[in-house]
Amino acid sequence: MSESQLWDAVDDYFTAHLAPDDETLEAAVRDSETAGLPQIAVTAPQGKFLHLLALIQGARTVLEIGTLGGYSTIWLARALPADGRLVSLEYSARHAEVATRNIARAGLDKLVEVRVGPALESLPRLADENPAPFDLVFIDADKANNPHYVEWALRLTRAGSLIVVDNVVRGGRVADADDTSPDVVGTRAALELIGGHPRLSGTALQTVGAKGYDGFALARVLA
(Lines give C-alpha, C1' and ligand atoms only; values in the text may rest on other atoms or scores of the structure.)
Protein backbone atom coordinates (compact mmCIF):
# COMPACT_ATOMS: atom_id res chain seq x y z
CA MET A 1 0.00 0.00 0.00
CA SER A 2 1.43 3.37 -0.99
CA GLU A 3 1.51 6.32 1.39
CA SER A 4 -1.40 8.06 -0.38
CA GLN A 5 -3.43 4.84 -0.38
CA LEU A 6 -2.85 4.56 3.36
CA TRP A 7 -4.02 8.14 3.87
CA ASP A 8 -7.16 7.37 1.85
CA ALA A 9 -7.82 4.22 3.87
CA VAL A 10 -7.53 6.06 7.17
CA ASP A 11 -9.82 8.84 5.91
CA ASP A 12 -12.36 6.18 4.85
CA TYR A 13 -12.16 4.65 8.33
CA PHE A 14 -12.63 8.01 10.05
CA THR A 15 -15.53 8.86 7.75
CA ALA A 16 -17.32 5.57 8.36
CA HIS A 17 -17.10 5.84 12.13
CA LEU A 18 -17.08 9.58 12.86
CA ALA A 19 -18.44 11.57 9.92
CA PRO A 20 -20.68 9.39 7.76
CA ASP A 21 -22.11 11.24 4.78
CA ASP A 22 -25.90 11.18 4.69
CA GLU A 23 -27.85 11.27 1.44
CA THR A 24 -27.95 15.07 1.40
CA LEU A 25 -24.19 15.40 1.64
CA GLU A 26 -23.62 12.57 -0.82
CA ALA A 27 -25.99 14.26 -3.27
CA ALA A 28 -24.09 17.53 -2.88
CA VAL A 29 -20.83 15.79 -3.79
CA ARG A 30 -22.43 13.87 -6.65
CA ASP A 31 -24.14 16.89 -8.17
CA SER A 32 -21.00 18.99 -7.87
CA GLU A 33 -18.99 16.35 -9.71
CA THR A 34 -21.70 15.96 -12.38
CA ALA A 35 -21.65 19.73 -12.92
CA GLY A 36 -17.91 19.58 -13.49
CA LEU A 37 -16.90 21.53 -10.40
CA PRO A 38 -13.29 20.93 -9.30
CA GLN A 39 -13.07 18.18 -6.70
CA ILE A 40 -11.42 20.35 -4.07
CA ALA A 41 -14.12 20.48 -1.38
CA VAL A 42 -13.24 19.50 2.16
CA THR A 43 -13.45 15.82 3.06
CA ALA A 44 -16.16 14.47 5.35
CA PRO A 45 -13.86 14.43 8.44
CA GLN A 46 -12.82 17.99 7.65
CA GLY A 47 -16.45 19.02 7.22
CA LYS A 48 -17.28 17.43 10.57
CA PHE A 49 -14.34 19.31 12.09
CA LEU A 50 -15.77 22.63 10.84
CA HIS A 51 -19.18 21.60 12.15
CA LEU A 52 -17.77 20.87 15.59
CA LEU A 53 -15.78 24.11 15.63
CA ALA A 54 -18.97 26.05 14.95
CA LEU A 55 -20.79 24.14 17.71
CA ILE A 56 -17.96 24.62 20.23
CA GLN A 57 -17.90 28.30 19.31
CA GLY A 58 -21.65 28.54 19.82
CA ALA A 59 -21.74 30.27 16.47
CA ARG A 60 -24.89 32.06 15.40
CA THR A 61 -23.35 33.78 12.39
CA VAL A 62 -20.81 32.37 9.93
CA LEU A 63 -19.01 33.94 6.99
CA GLU A 64 -17.63 31.60 4.35
CA ILE A 65 -15.31 32.85 1.61
CA GLY A 66 -15.43 30.28 -1.18
CA THR A 67 -18.64 28.26 -1.57
CA LEU A 68 -17.80 25.85 -4.41
CA GLY A 69 -20.66 23.31 -4.40
CA GLY A 70 -21.84 24.07 -0.88
CA TYR A 71 -20.49 20.95 0.83
CA SER A 72 -18.64 22.79 3.60
CA THR A 73 -21.50 25.29 3.71
CA ILE A 74 -23.93 22.53 4.64
CA TRP A 75 -21.67 21.22 7.40
CA LEU A 76 -21.31 24.71 8.87
CA ALA A 77 -24.96 25.69 8.53
CA ARG A 78 -26.08 22.52 10.27
CA ALA A 79 -24.31 23.80 13.40
CA LEU A 80 -26.33 27.02 13.49
CA PRO A 81 -29.50 27.66 15.50
CA ALA A 82 -32.81 28.12 13.73
CA ASP A 83 -32.34 31.89 13.69
CA GLY A 84 -28.68 31.72 12.64
CA ARG A 85 -27.15 33.18 9.50
CA LEU A 86 -24.46 32.04 7.10
CA VAL A 87 -23.22 34.27 4.28
CA SER A 88 -21.14 32.48 1.66
CA LEU A 89 -19.21 34.34 -1.04
CA GLU A 90 -18.56 32.61 -4.37
CA TYR A 91 -16.74 33.98 -7.39
CA SER A 92 -18.33 31.67 -9.98
CA ALA A 93 -22.01 32.04 -10.83
CA ARG A 94 -22.01 28.45 -12.05
CA HIS A 95 -20.60 27.15 -8.80
CA ALA A 96 -23.06 29.27 -6.84
CA GLU A 97 -25.99 27.83 -8.81
CA VAL A 98 -24.95 24.29 -7.94
CA ALA A 99 -24.34 25.24 -4.31
CA THR A 100 -27.71 26.96 -3.99
CA ARG A 101 -29.49 23.82 -5.17
CA ASN A 102 -27.49 21.66 -2.77
CA ILE A 103 -28.18 24.00 0.15
CA ALA A 104 -31.90 24.13 -0.63
CA ARG A 105 -32.10 20.31 -0.81
CA ALA A 106 -30.46 20.25 2.64
CA GLY A 107 -33.30 22.47 3.93
CA LEU A 108 -30.87 25.24 4.84
CA ASP A 109 -31.79 27.92 2.32
CA LYS A 110 -33.47 30.04 5.01
CA LEU A 111 -30.19 30.18 6.93
CA VAL A 112 -27.75 30.51 4.05
CA GLU A 113 -27.24 33.32 1.55
CA VAL A 114 -24.84 32.76 -1.36
CA ARG A 115 -23.51 35.98 -2.87
CA VAL A 116 -21.89 35.85 -6.31
CA GLY A 117 -18.88 37.87 -7.40
CA PRO A 118 -15.25 38.49 -6.48
CA ALA A 119 -15.00 38.31 -2.71
CA LEU A 120 -12.91 41.47 -2.53
CA GLU A 121 -15.88 43.28 -4.07
CA SER A 122 -18.53 41.47 -2.02
CA LEU A 123 -16.78 42.03 1.32
CA PRO A 124 -16.90 45.85 1.25
CA ARG A 125 -20.58 45.71 0.31
CA LEU A 126 -21.19 43.31 3.18
CA ALA A 127 -19.35 45.62 5.58
CA ASP A 128 -21.47 48.57 4.40
CA GLU A 129 -24.53 46.67 5.63
CA ASN A 130 -23.07 46.83 9.15
CA PRO A 131 -23.93 43.20 9.95
CA ALA A 132 -23.66 41.70 13.41
CA PRO A 133 -20.10 40.42 13.94
CA PHE A 134 -19.51 36.95 12.57
CA ASP A 135 -18.67 34.29 15.14
CA LEU A 136 -16.69 32.16 12.69
CA VAL A 137 -15.09 32.85 9.32
CA PHE A 138 -14.01 30.03 7.01
CA ILE A 139 -11.62 31.11 4.25
CA ASP A 140 -11.29 28.65 1.37
CA ALA A 141 -11.00 30.68 -1.83
CA ASP A 142 -8.19 31.86 -4.12
CA LYS A 143 -5.06 31.63 -2.02
CA ALA A 144 -3.28 34.66 -3.48
CA ASN A 145 -5.80 36.89 -1.70
CA ASN A 146 -5.65 35.10 1.65
CA PRO A 147 -4.08 38.04 3.52
CA HIS A 148 -6.81 40.36 2.27
CA TYR A 149 -9.45 37.85 3.36
CA VAL A 150 -7.94 37.63 6.83
CA GLU A 151 -7.93 41.42 7.09
CA TRP A 152 -11.58 41.55 6.10
CA ALA A 153 -12.38 38.76 8.54
CA LEU A 154 -10.90 40.91 11.30
CA ARG A 155 -13.14 43.81 10.30
CA LEU A 156 -16.25 41.64 10.33
CA THR A 157 -15.70 39.76 13.60
CA ARG A 158 -15.39 40.51 17.31
CA ALA A 159 -13.22 39.44 20.21
CA GLY A 160 -13.63 35.69 20.59
CA SER A 161 -14.47 34.99 16.95
CA LEU A 162 -12.63 32.23 15.08
CA ILE A 163 -10.97 32.47 11.67
CA VAL A 164 -10.12 29.26 9.79
CA VAL A 165 -7.91 29.39 6.69
CA ASP A 166 -7.83 26.21 4.61
CA ASN A 167 -5.04 24.76 2.44
CA VAL A 168 -2.11 26.56 4.04
CA VAL A 169 0.54 23.86 3.53
CA ARG A 170 0.30 23.70 -0.26
CA GLY A 171 1.97 20.28 -0.36
CA GLY A 172 4.86 21.66 1.69
CA ARG A 173 5.57 24.52 -0.72
CA VAL A 174 4.72 27.12 1.93
CA ALA A 175 8.12 26.46 3.54
CA ASP A 176 10.06 26.73 0.27
CA ALA A 177 11.49 30.24 0.18
CA ASP A 178 12.23 29.87 -3.53
CA ASP A 179 8.59 29.21 -4.39
CA THR A 180 7.05 32.49 -5.49
CA SER A 181 3.77 31.11 -6.86
CA PRO A 182 0.89 33.49 -6.06
CA ASP A 183 -0.93 30.85 -3.99
CA VAL A 184 2.15 30.23 -1.84
CA VAL A 185 3.03 33.91 -1.49
CA GLY A 186 -0.54 34.73 -0.48
CA THR A 187 -0.65 31.88 2.01
CA ARG A 188 2.65 32.91 3.58
CA ALA A 189 1.43 36.49 3.88
CA ALA A 190 -1.74 35.34 5.63
CA LEU A 191 0.20 33.19 8.09
CA GLU A 192 2.65 36.00 8.80
CA LEU A 193 -0.28 38.38 9.32
CA ILE A 194 -1.86 35.99 11.81
CA GLY A 195 1.45 35.50 13.59
CA GLY A 196 2.23 39.18 13.88
CA HIS A 197 -1.16 40.84 14.35
CA PRO A 198 -1.84 42.10 17.88
CA ARG A 199 -5.51 41.12 17.61
CA LEU A 200 -4.91 37.54 16.55
CA SER A 201 -3.63 34.41 18.25
CA GLY A 202 -3.25 31.52 15.86
CA THR A 203 -1.61 28.30 14.87
CA ALA A 204 -1.46 26.02 11.84
CA LEU A 205 -1.62 22.25 11.53
CA GLN A 206 -0.46 19.93 8.79
CA THR A 207 -2.89 17.27 7.58
CA VAL A 208 -2.85 14.25 5.31
CA GLY A 209 -5.80 12.39 3.86
CA ALA A 210 -7.92 11.90 0.79
CA LYS A 211 -6.99 15.40 -0.42
CA GLY A 212 -3.26 14.76 -0.05
CA TYR A 213 -0.80 16.73 2.08
CA ASP A 214 -2.05 20.11 3.25
CA GLY A 215 -3.30 21.79 6.40
CA PHE A 216 -5.21 24.70 7.91
CA ALA A 217 -4.64 27.73 10.12
CA LEU A 218 -6.85 28.58 13.06
CA ALA A 219 -6.89 32.01 14.69
CA ARG A 220 -8.85 33.55 17.53
CA VAL A 221 -9.69 37.23 17.49
CA LEU A 222 -8.49 38.99 20.64
CA ALA A 223 -9.83 42.12 22.27
Side-chain angles (χ1 to χ4, degrees), residues 7 11 14-15 19 25 28-29 32 37-57 59 62-79 86-92 95-96 99 112 114 118-120 122-123 134-154 156-157 161-175 181-195 200 202-221:
W7 296 345
D11 248 6
F14 287 162
T15 297
L25 289 167
V29 172
S32 296
L37 272 60
Q39 296 181 34
I40 55 174
V42 300
T43 63
Q46 291 166 347
K48 183 66 173 290
F49 175 77
L50 292 171
H51 176 83
L52 289 172
L53 275 182
L55 287 175
I56 293 166
Q57 178 71 355
V62 171
L63 173 62
E64 180 180 51
I65 304 175
T67 317
L68 195 61
Y71 184 79
S72 57
T73 318
I74 293 170
W75 275 110
L76 285 165
R78 283 179 168 179
L86 190 156
V87 177
S88 189
L89 309 180
E90 173 54 44
Y91 177 83
S92 167
H95 294 181
V112 178
V114 179
L120 292 181
S122 299
L123 286 162
F134 290 96
D135 300 311
L136 187 151
V137 179
F138 179 47
I139 300 171
D140 190 12
D142 57 306
K143 311 309 173 187
N145 282 314
N146 272 343
H148 303 302
Y149 297 147
V150 172
E151 289 169 348
W152 274 106
L154 266 172
L156 293 164
T157 52
S161 295
L162 292 181
I163 301 171
V164 183
V165 186
D166 202 10
N167 307 127
V168 299
V169 173
R170 316 305 297 159
R173 292 187 295 128
V174 70
S181 305
D183 63 322
V184 172
V185 172
T187 298
R188 280 198 208 107
L191 291 169
E192 291 164 11
L193 173 61
I194 291 170
L200 289 173
T203 190
L205 296 176
Q206 302 177 74
T207 62
V208 296
K211 295 299 169 66
Y213 173 39
D214 216 317
F216 63 92
L218 176 67
R220 187 171 190 264
V221 180

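What's counted below: heavy atoms across the whole structure, side chains too, no hydrogens, waters or symmetry copies.
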For [X] against [Y], the heavy-atom pair lying closest together:
| X | Y | result |
| --- | --- | --- |
| Leu55 | Ala79 | CD2-O, 3.5 Å |
| Ala41 | Tyr71 | CB-CB, 4.3 Å |
| Val221 | Leu154 | CG1-CD2, 4.1 Å |
| Asn146 | Gly186 | CB-O, 3.7 Å |
| Ile194 | Ala219 | CG2-CB, 3.9 Å |
| Gln46 | Thr43 | OE1-N, 2.9 Å |

Q: Look only at the side chain of Asp214 and the backbone of Val168, and say whether a donor-acceptor pair between them is shorter than 3.5 Å.
A: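 Looks like yes, one N/O pair under 3.5 Å.
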Would you give the length of the straight line joining atom [atom1] of [X] to atom [atom2] of [Y], rounded to the nearest 0.5 angstrom?
| X | Y | atom1 | atom2 | value |
| --- | --- | --- | --- | --- |
| Asn167 | Thr207 | CG | OG1 | 8.0 Å |
| Asp135 | Leu53 | CG | CG | 12.5 Å |
| Leu86 | Phe138 | CG | CZ | 11.0 Å |
| Gln57 | Leu136 | CD | CG | 6.5 Å |
| Arg170 | Asp183 | CZ | CG | 4.5 Å |

Check whether any side-chain heavy atom of [X] sits under 4.5 Å from a side-chain heavy atom of [Y], and report yes or no.
| X | Y | result |
| --- | --- | --- |
| Leu123 | Ile65 | yes |
| Asp166 | Val42 | yes |
| Ser122 | Glu90 | no |
| Leu68 | Thr73 | no |
| Leu25 | Arg78 | yes |
| Glu64 | Leu89 | no |

Q: Carefully, step by step, assess Val150 and Leu200 under the rule side-chain contact (heavy atoms from CB on, under 4.5 Å).
A: CA-CA 10 Å; Val150 172; Leu200 289 173; 4.1 Å; yes
Q: For side-chain contact (heavy atoms from CB on, under 4.5 Å), just list the numbers for Tyr91 and Asp142, CA-CA rounded to whole Å, side-chain angles, deciding distance to a tenth of an Å, and then say yes or no.
A: CA-CA 9 Å; Tyr91 177 83; Asp142 57 306; over 6 Å; no
Q: Apply side-chain contact (heavy atoms from CB on, under 4.5 Å) to the pair Leu120 and Tyr149, showing each step before the final yes or no.
A: CA-CA 8 Å; Leu120 292 181; Tyr149 297 147; 3.7 Å; yes
Q) Is it true that Lys211 and Asp11 make a salt bridge, defined as a side-chain N closer than 4.0 Å to a carboxylate O? A)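 Not counted as a salt bridge, because no side-chain N and carboxylate O are separated by less than 4.0 Å.
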Q. What residue among Ser72, Ser92, Ser88 forms side chain to side chain donor-acceptor pair (under 3.5 Å) with Thr67?
A.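 One option only clears the test, and that one is Ser88.
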Q: Could you please spell out the steps behind the side-chain contact (heavy atoms from CB on, under 4.5 Å) verdict for Leu193 and Glu151?
A: CA-CA 9 Å; Leu193 173 61; Glu151 289 169 348; 3.6 Å; yes
Q: Would you please classify the geometry between the Trp75 ring and the His51 ring as parallel, tilted or perpendicular, with 30° and 60° separating the classes?
A: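 His51 vs Trp75 ring planes: perpendicular.
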